[in-house]
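Worksheet for the structure shown next.
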Amino acid sequence: MKVGIIGCGAIANIITTSIVSEESTIEIAYFFDKDIERAENIASLAGGVAGLDFEDMLRDVDLVLECASPDSVKHFAPSVLERGIDMIVMSIGAFMDTD
């Protein structure tokens, strides 16, 4: 399974280092963040790709893991779900918005 991560802060680092340190069939392949340096740093840990183009990531993943913010869920989730890609949302506060 190929995974792409949105947001490359503390949560993404914990998840990535946990998966990389185990023998797993999960490949965290793409890292997307507004701060490309953070994406590059975590990508180097996992042997993945830091991306500036969100659409490129969506062409090649089976699952998107959101680790950024409630606003990022609102912004990115529609594109992910419209393509039939599964998504795990860490920023559950996004679901409190009644609109």
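Values below: all heavy atoms of this structure, side chains included; hydrogens, waters and symmetry mates excluded. Since we're looking at a predicted model, the values are computed, not measured. Numbers here simply count residues along the sequence, with the first being 1.
By the criterion of side-chain heavy atoms lying less than 4.5 angstrom apart, applied directly or through intervening Ile, Leu, Val, Met, Phe, Trp or Tyr residues, Met1 is grouped together with Ile15 in one hydrophobic cluster. Val80 and Ile92 fall within the same hydrophobic cluster, where Ile, Leu, Val, Met, Phe, Trp and Tyr residues are linked whenever their side-chain heavy atoms come under 4.5 Å apart, directly or through other members. Under the 4.5 Å side-chain heavy-atom criterion for ILVMFWY residues, no single connected hydrophobic cluster contains both Ile36 and Ile42.
Taken to the nearest 0.5 Å, the CD1 atom of Ile88 stands 5.5 Å off from the CG atom of Leu65. Between the CE atom of Met57 and the CZ atom of Phe31 there is a distance of 10.5 Å, given to the nearest 0.5 Å. With rounding to the nearest 0.5 angstrom, the CG atom of Leu63 is 9.0 Å from the CD1 atom of Ile85.
With sequence neighbours left out, the ring-ring contact (aromatic ring centres under 6.0 Å, His included) criterion links Phe32 to Phe54, Phe76. Applying the side chain to side chain donor-acceptor pair (under 3.5 Å) test to Thr16 and every residue at least two apart in sequence or in another chain returns nothing. Applying the side chain to side chain donor-acceptor pair (under 3.5 Å) rule to Lys34 yields no partners; only residues at least two apart in sequence or on another chain are considered. For Asp35, there are no side chain to side chain donor-acceptor pair (under 3.5 Å) partners, not counting sequence neighbours.
The closest side-chain heavy-atom distance from Lys2 to Asp60 is below 4.5 Å. Looking only at side-chain heavy atoms (C-beta outward), Ser79 and Leu58 come within less than 4.5 Å of each other.
A donor-acceptor distance shorter than 3.5 angstrom exists from the side chain of Ser69 to the backbone of Ser72, with no hydrogens or angles considered. Distance alone, capped at 3.5 Å, is enough to place a donor-acceptor pair between the Glu66 side chain and the Met90 backbone. Under a 3.5 Å cut-off, the side chain of Ser24 and the backbone N or O of Ile26 do form a donor-acceptor pair.
Nearest heavy-atom pair, Lys74 versus Pro78, reported as atom, atom and distance to 0.1 Å: O-CD, 3.4 Å. Scanning all heavy atoms of the two residues, the minimum distance from Gly7 to Ala68 falls at CA-CB, 3.9 Å.
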Where do Ile19 and Ile28 land on the side chain to side chain contact (heavy atoms under 4.5 Å, CB included) test, with the steps shown first?
-> CA-CA 8 Å; Ile19 290 174; Ile28 304 180; 3.8 Å; yes
Tell me, with the steps shown, if Tyr30 and Val61 meet side chain to side chain contact (heavy atoms under 4.5 Å, CB included).
-> CA-CA 8 Å; Tyr30 293 91; Val61 296; 3.6 Å; yes
Determine, step by step, whether Ile6 and Val64 satisfy the side chain to side chain contact (heavy atoms under 4.5 Å, CB included) criterion, reporting the C-alpha distance in whole Å, the side-chain angles of both residues, the deciding distance to 0.1 Å, and the verdict.
-> CA-CA 7 Å; Ile6 301 170; Val64 172; 3.6 Å; yes
Any chance you could lay out the side chain to side chain contact (heavy atoms under 4.5 Å, CB included) test for Phe95 and Val89, step after step, and finish with the verdict?
-> CA-CA 10 Å; Phe95 298 118; Val89 174; 3.9 Å; yes
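At most 12 heavy atoms of other shown residues, nucleotides or ligands fall within 6.0 angstrom of atom CD in Glu37.
Membership of an apolar cluster is not assigned to Ile14, as no side-chain contact below 4.5 Å to another ILVMFWY residue is traced.
Using a cutoff of 4.0 Å between basic side-chain nitrogens and carboxylate oxygens, Asp33 and Arg38 are scored as salt-bridged.
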Please output the side-chain donor-acceptor pairs of residues 43-50 that fall under 3.5 Å, not counting sequence neighbours, one pair per line with the distance.
from, atom 1, to, atom 2, distance (Å)
Ser44, OG, Asn41, O, 2.7

